[in-house]
Amino acid sequence: MSNFRKIRGFSDIMGAEARKFRLMEETASIVFSRYGYDELRLPLLERTELFARSIGSDTDVVQKEMFTFPDRKGRYVTLRPEATAGAVRAYIENKLYAGQNLTKLFTVGPMFRYERPQKGRQRQFHQVNAEAFGSASPLLDAEMVLMLWTYLSELGLTDLTLQINSLGCRACQPEYAKRLQEYLRDTDADDFCSDCSERRERNPLRLLDCKQTQCQELMHEAPSMLDCLCESCRPHFHTVLDNLQRMGIAFEVNSRLVRGLDYYQRTTFEVMSGEIGAQSSVAGGGRYDDLVRQLGGPDHPAIGFACGMERLSLLLDDPAPAETDFYVAILDGDGLPEGMRICEDLRRKGLRGEMSYETASLKSQIRHADRIGAHYCIFLGRDELESGRLTVRDMGSGEQYQREAETLPEFLGR
RNA sequence: GUGGGUGUAGCUCAGAGGUCAGAGCACCAGGUUGUGGCCCUGGGAGCCGGGUGUUCAAAUCACCUCACCCACCCCA
């Protein structure tokens with residue numbers, strides 16, 4: 001085996017897997033455009049500072065999962081670990097807000113996080129993202145979730161669960177943090193798992209979604225963010241839920257749904273599957289109403305989501321490859337030029353097929369035609385060259401016909 | 001970053017210190033068949049993941065390392 005092997009967590013996407021990726025991309029483009037979204041293609045590399053400022057310098061993503069390195073002039077750059085930061089940067093930098101009050105964008109492509117690979121988790125992974133800027137309307141939140149759900153449905157995915165929560169805004173979050181800390185003060189640090197006892201002070205929200213049973217029991221009685229929503233956030237959340245209900249979207253409100261990226265506020269949501277192992281979250285998103293301003297842009301609210309393509313892929317059936325209409329089997333070396341002409345003529349008529357580039361035995365030619373799934377095998381040997389009529393074999397029935405080359409497109413196209 | 005599992009032919013795997021490293025499937029050639037699928041004969045193929053050590057002798061034992069898989073963690 002060669003010494004040149006792919007590096008850890010990076011994979012070659014090919015065959016049925018590549019066809020799934022194409023399906024996910026094309027479906028996204030079709031569905032999202034119905035909702036008014038335009039494609040945005042972002043750089044893979046951005047200044048490290050952009051991610052630290054938007055995702056949060058205290059998060060795991062920024063602290064230990066980014067591919068960060070100095071460029072040739074010593075400036076720190078990072079392979080994007082997610083898409084929102086870059087989309088916000090592009091929104092501000094290109095003044096996409098000018099002349100319109102709503103900007104809807106989607107983007108597809110690779111993301112990079114330095115994590116230990118496992119099922120549904122690679123170091124280079126791929127996301128479908130949608131971001132909408134400029135409206136704080138709860139109807140936009142509902143539409144975003146609806147669009148995501150429609151997208152997943154059109155991919156044929158059922159058996160998914162949608163969870164939704166509100167994290168509150170900068171007005172009500174401090175009040176909740178205070179209440180949560182008061183609650184935690186009455187618990188014993190040693191009763192939590194080691195991770196939770198450490199982050200109890202620094203990042204108490206994280207204790208809410210710890211999977212350890214002892215932590216879940218301790219947090220069972222913890223105050224809920226939903227009880228602390230301010231006079232603005234509470235009706236906003238309820239309007240979102242009302243509209244989802246009206247649109248027939250089934251969801252669960254989960255007040256413990258916490259997102260690991262600091263910029264999320266108000267409505268947050270996650271789509272999960274029970275069939276793909278531990279990495280069960282296939283999509284997630286929410287509002288980030290303060291982020292544009294924080295990154296130096298206008299005070300525009302925004303909302304978005306990301307879909308993990310590798311995880312969706314685990315749920316998709318293998319799409320069949322394109323059908324092969326014909327195979328031109330050359331049985332005599334003199335037939336090679338004519339075979340190529342016939343082959344090319346058929347392709348120009350829109351048919352799909354291949355030819356043998358060298359002569360081979362009839363037996364192996366037929367086997368090859370069978371293997372590539374050709375519907376018809378066209379023989380070109382000594383007899384055919386002399387008579388000017390080709391032998392066409394129907395690979396399904398085994399029947400054979402004599403045909404002039406000119407009549408082939410019509411014959412095969414039926 | 002932490003744990004557990006696995007690395008032998010293109011694929012699935014057997015071989016557990018001692019003849020030139022094996023099977024099935026796949027592939028190639030030939031035979032048979034009504035010009036493919038069934039059957040028969042033959043063939044090509046392998047840094048036994050890599051390295052170091054122990055031994056007269058290592059795919060096999062020890063240590064190191066790399067990769068893959070699963071889980072923790074984190075997230076999509």
What is the nucleic acid contact for [X], judged by heavy atoms within less than 4.0 Å: base, sugar-phosphate only, or nothing?
X        : answer
A/Gly285 : nothing
A/Leu312 : nothing
A/Glu82  : nothing
A/Arg367 : sugar-phosphate
A/Gly9   : sugar-phosphate

What about A/Arg121: does its side chain form a donor-acceptor pair under 3.5 Å with the base of B/C73?
-> yes
For the side chain of A/Gln400 and the base of B/U35, is some donor closer than 3.5 Å to an acceptor across the two?
-> yes
Using atom [atom1] in both nucleotides, what's the gap between [N] and [M] to the nearest angstrom?
N     : M     : atom1 : result
B/C27 : B/C61 : P     : 35 Å
B/G1  : B/U8  : P     : 25 Å
B/G4  : B/G53 : P     : 27 Å
B/C40 : B/A21 : C1'   : 27 Å
B/C72 : B/C13 : C1'   : 31 Å
B/A59 : B/G49 : C1'   : 12 Å
B/A9  : B/C47 : P     : 8 Å
B/G46 : B/C11 : C1'   : 14 Å

Among [options], which is the nearest nucleotide to the side chain of [X]?
X        : options             : answer
A/Asp60  : B/G36, B/C74, B/A76 : B/C74
A/Met395 : B/A76, B/G36, B/C72 : B/G36
A/Gln279 : B/A76, B/C73, B/U35 : B/C73
A/Lys119 : B/A71, B/U32, B/C75 : B/A71

In this structure, how many angstroms lie between the [atom2] atom of [N] and the [atom1] atom of [X], rounded?
X        : N     : atom1 : atom2 : value
A/Leu362 : B/U35 : CG    : P     : 9 Å
A/Lys363 : B/U32 : NZ    : P     : 10 Å
A/Asp262 : B/C74 : CG    : P     : 14 Å
A/Leu208 : B/C74 : CG    : C1'   : 16 Å
A/Leu331 : B/U35 : CG    : P     : 14 Å
A/Gln118 : B/A67 : CD    : C1'   : 16 Å
A/Gln122 : B/C75 : CD    : C1'   : 12 Å
A/Glu65  : B/C74 : CD    : P     : 10 Å

Is the count of non-hydrogen atoms from other residues, nucleotides or ligands lying under 6.0 Å from A/Arg22 atom CZ greater than 12?
-> no
Do other residues, nucleotides or ligands put more than 12 heavy atoms under 6.0 Å from A/Asp227 CG?
-> yes
Between A/Phe269 and A/Phe251, is the ring centre distance below 6.0 Å?
-> no
Return the pairing partner of [N] with a 3.5 Å limit on both distances, Watson-Crick or G-U wobble; otherwise return none.
N     : answer
B/A16 : none
B/A76 : none
B/A58 : none
B/C68 : B/G5
B/C27 : B/G43

Under 4.0 Å between a side-chain N/O of [X] and OP1 or OP2 of [N], yes or no?
X        : N     : result
A/Arg116 : B/A71 : no
A/Arg371 : B/C28 : yes
A/Arg259 : B/A76 : yes
A/Arg8   : B/C68 : yes

Is a salt bridge present between A/Asp370 and A/Arg367, judged by a nitrogen-to-oxygen distance below 4.0 Å?
-> no
Sole residue of A/Arg311, A/Glu270, A/Gln163 in side chain to side chain donor-acceptor pair (under 3.5 Å) with A/Ser281 | A/Glu270
Distance under 6.0 Å and angle within 45° of the ring axis: does A/Arg123 meet both against A/Tyr114?
-> yes
If each of A/Gly284 and A/Gly277 is mapped to the nucleotide of RNA chain B with the nearest heavy atom, which maps nearer the 5' terminus, i.e. the 5' end?
-> A/Gly277
Pairwise 5' ranking along RNA chain B for A/Gln127 and A/Phe10, keeping only the more 5' one | A/Phe10
Heavy atoms, side chains only, cut-off 4.5 Å: are A/Val77 and A/Phe69 in contact?
-> yes
Test A/Glu17 against A/Ser313 for side-chain hydrogen bond (donor to acceptor under 3.5 Å, both in side chains), laying out the working first.
-> CA-CA 7 Å; A/Glu17 182 75 356; A/Ser313 174; 2.9 Å; yes
